[in-house]
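Proteins come first, then strands; the chains are lettered A, B, ... in the order of their sequence lines, and each starts at number 1. Any value given below was found using the heavy atoms of this structure, including those in side chains, with hydrogens, waters and symmetry copies removed.
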Number of protein chains: 2
Amino acid sequence: MNWSKHHRKRRGYHHGNLREALIEAALELIAAKGAAGFTFAEAARSAGVSPGAPYRHFRDRDALIADVARRGFEHFAEDLARAWNDGQPTPHTALQNLGAAYLAFAKDEPAYYTAMFESQLPARADPELVQASDRAFAVLRQAAETLIATLPPRQRPPAMMVSLHIWSLAHGIASLFGRGDEARRALPMAPEELLEAGILVYLQGLDIATD
Amino acid sequence: MNWSKHHRKRRGYHHGNLREALIEAALELIAAKGAAGFTFAEAARSAGVSPGAPYRHFRDRDALIADVARRGFEHFAEDLARAWNDGQPTPHTALQNLGAAYLAFAKDEPAYYTAMFESQLPARADPELVQASDRAFAVLRQAAETLIATLPPRQRPPAMMVSLHIWSLAHGIASLFGRGDEARRALPMAPEELLEAGILVYLQGLDIATD
DNA sequence: CAATTCATGTAAACAGCTTTTACATGAAGC
DNA sequence: GCTTCATGTAAAAGCTGTTTACATGAATTG
């Protein structure tokens, strides 16, 4: 049969870069039709190879998604770290930038975000996935620590708790309203404003200076 | 072929209550294997009917999930309203009860919660689903209004914004840590405590009395 | 350079899911 | 009692997922 309908750089019998091609296909398919609407067979077709070929590179469909999620977390960690920018110019401004970067990632990279948070992966299956996720969370954790360090010691809440609050709020907003699906509930304000205001109120509740 | 392996109350050729049986099967399958691991055919098998039978009651698999989601939102709205209890004994306590009820629903009814928030339904397809979801949100909205009413008028933030903050925080925590999957990141505290503390800080940030 | 090895891809096959179609059943209403 | 109609069955066609034996050709090695 002719499997080279979608050939582009196909150099003959061997694809040459099938692994990457499959990941790209997965991103497109997930973005277009959600994590559920992604099939191994369609990814293979999109890469111009036979249905069995992907099994040379991934144990199964979940392994591919896990790899996509891992890469997603790496990009995510990078974006967050760049936005945080070591707490410059001020911890509060930097945290707001971090929040904006969180939502921007969810909006601009819906396929990654879906694979990372909504693909119901066999959980903590892949240790590299866990590590990548940890690195992303570490940025939030660091931000929380920097922020509470501006408080007198007796008044400091646990940094872990603060980072979990920020993360949960950002993830909740991204989940419920964050992607351009227009599938979600209509909002009286942009998700970015909603998060910014939420963080502002939260920090005021901790008595952290926000001006 | 023999489709009556799982017969229980099967009264002959006609099932008698297939629609309900399919919804029950869907809840069990979603709880066991996630929204993706639910198939029309398996629900049919579980109800003891042929693979084509479900199409007499639901247009397709998504229509069944949408119905499950709609029922989920109805139970959810009930639970939240009961917890809120018209703001008694105090608005703050009632809001904490509401938050606890939110997380309890996510934990105790993971199948409903999954269908409601993570099934990537064709969005605002079903108007009854939207209405049910609106009724649930209305409870949160009412709670927010009651809480800000304790503030002097000049100091009141928009109730819609406050309710969205609470909702997002609760949903974020439920999403990330809330279900017994043990699949999620380990926490230094129970999700319920995390949400309670988050709400407390947030209300303090609004300068709403929390004692 | 030539032979061999090995990663990568194909073809074919089987099983399960989805959806449609024609047909069967039996409960409800006239 | 007869007819009607909702509900279920059987069968079929076209998907997908997965495994198997086999084919290809690029890299390795003597």
Task: With sequence neighbours excluded, residues passing side-chain contact (heavy atoms from CB on, under 4.5 Å) with A:E20 - done: A:N17, A:R71
Task: Pairs flagged by salt bridge (charged side-chain N to carboxylate O under 4.0 Å, His left out) wherever residues 29-40 of chain B is involved - sequence neighbours left out - done: B:K33-B:E42
Task: Interface residues of residues 30-37 of chain B with DNA chain C (non-hydrogen, below 4.0 angstrom) - done: none
TODO: Let me know the distance between CD of B:E20 and P of D:dT7, rounded to the nearest Å.
DONE: 13 Å
Contact list (N/O, under 3.5 angstrom) for nucleotides 13-16 of chain D vs protein:
residue : atom : partner : partner atom : Å
D:dT16  : OP1  : A:R45   : NH2          : 2.8
D:dT16  : OP2  : A:R45   : NH2          : 2.9

Task: Partners passing side-chain hydrogen bond (donor to acceptor under 3.5 Å, both in side chains) against A:R141 (at least two apart in sequence or in another chain) - done: A:E145
- [ ] Would you mind reading off the distance between A:R19 atom CZ and C:dT8 atom C1', rounded to a whole angstrom?
- [x] 13 Å
Sequence neighbours left out, cut at 3.5 Å: what donor-acceptor pairs do the side chains of residues 57-64 of chain A make with other protein atoms?
residue : atom : partner : partner atom : Å
A:D60   : OD1  : A:D62   : N            : 3.2
A:D60   : OD1  : A:A63   : N            : 3.0
A:R61   : NE   : A:F38   : O            : 2.8
A:R61   : NH2  : A:A35   : O            : 2.9
A:R61   : NH2  : A:F38   : O            : 3.2

Quick one: which protein N/O atoms are closer than 3.5 Å to N/O atoms of nucleotides 23-25 of chain C? Pair and distance per line, please.
residue : atom : partner : partner atom : Å
C:dA24  : N3   : B:Y13   : OH           : 3.0
C:dT25  : O2   : B:H14   : NE2          : 3.1

Task: Plane angle bin for B:Y102 and B:F76 - parallel if under 30°, tilted between 30 and 60°, otherwise perpendicular - done: perpendicular
- [ ] With sequence neighbours left out, write down each residue that passes ring pair (Phe, Tyr, Trp, His ring centres under 6.0 Å) with A:H165, or none if nothing qualifies.
- [x] A:Y202
Open item on the list: Output the rounded distance in Å from CG (A:D60) to C1' (D:dT19).
Closed with: 13 Å
Task: Residue pair A:A77 / A:V139: nearest heavy atoms and the distance that separates them - done: O-CG2, 4.0 Å
Task: Nearest-angstrom distance from the residue atom CZ of A:R59 to P of D:dG17 - done: 15 Å
Open item on the list: Going by side chain to side chain donor-acceptor pair (under 3.5 Å), name the pairs with one or both residues in residues 187-196 of chain B, residues two or more places apart or in two chains.
Closed with: none
Open item on the list: Whole angstroms only, please: what is the CZ-P distance between B:F58 and D:dA6?
Closed with: 17 Å
Open item on the list: Can you measure A:Y55 atom OH to D:dG17 atom P for me and round it to whole angstrom units?
Closed with: 6 Å
- [ ] Using the test side-chain contact (heavy atoms from CB on, under 4.5 Å), find all partners of B:A53 that sit at least two apart in sequence or belong to another chain.
- [x] B:L18, B:V49, B:S50
Result block: side-chain N/O donor-acceptor pairs under 3.5 angstrom for residues 78-85 of chain A, not counting sequence neighbours:
residue : atom : partner : partner atom : Å
A:D79   : OD1  : A:R82   : NH2          : 3.1

Open item on the list: Between B:H57 and D:dG8, is there a contact of a side-chain N or O with OP1 or OP2 at under 4.0 Å?
Closed with: yes
- [ ] Could you tell me the separation between the CG atom of A:N17 and the P atom of C:dT8, rounded to a whole number of Å?
- [x] 11 Å
Task: Proximal nucleotide (of C:dG9, D:dT9, D:dG8) relative to the A:L18 side chain - done: C:dG9
TODO: Figure out the CG/C1' separation between A:D62 and D:dT18, and round it to whole Å.
DONE: 14 Å
Open item on the list: Going by ring pair (Phe, Tyr, Trp, His ring centres under 6.0 Å), name the residues that satisfy it together with B:F73, two or more places apart in sequence or in a different chain.
Closed with: B:F117
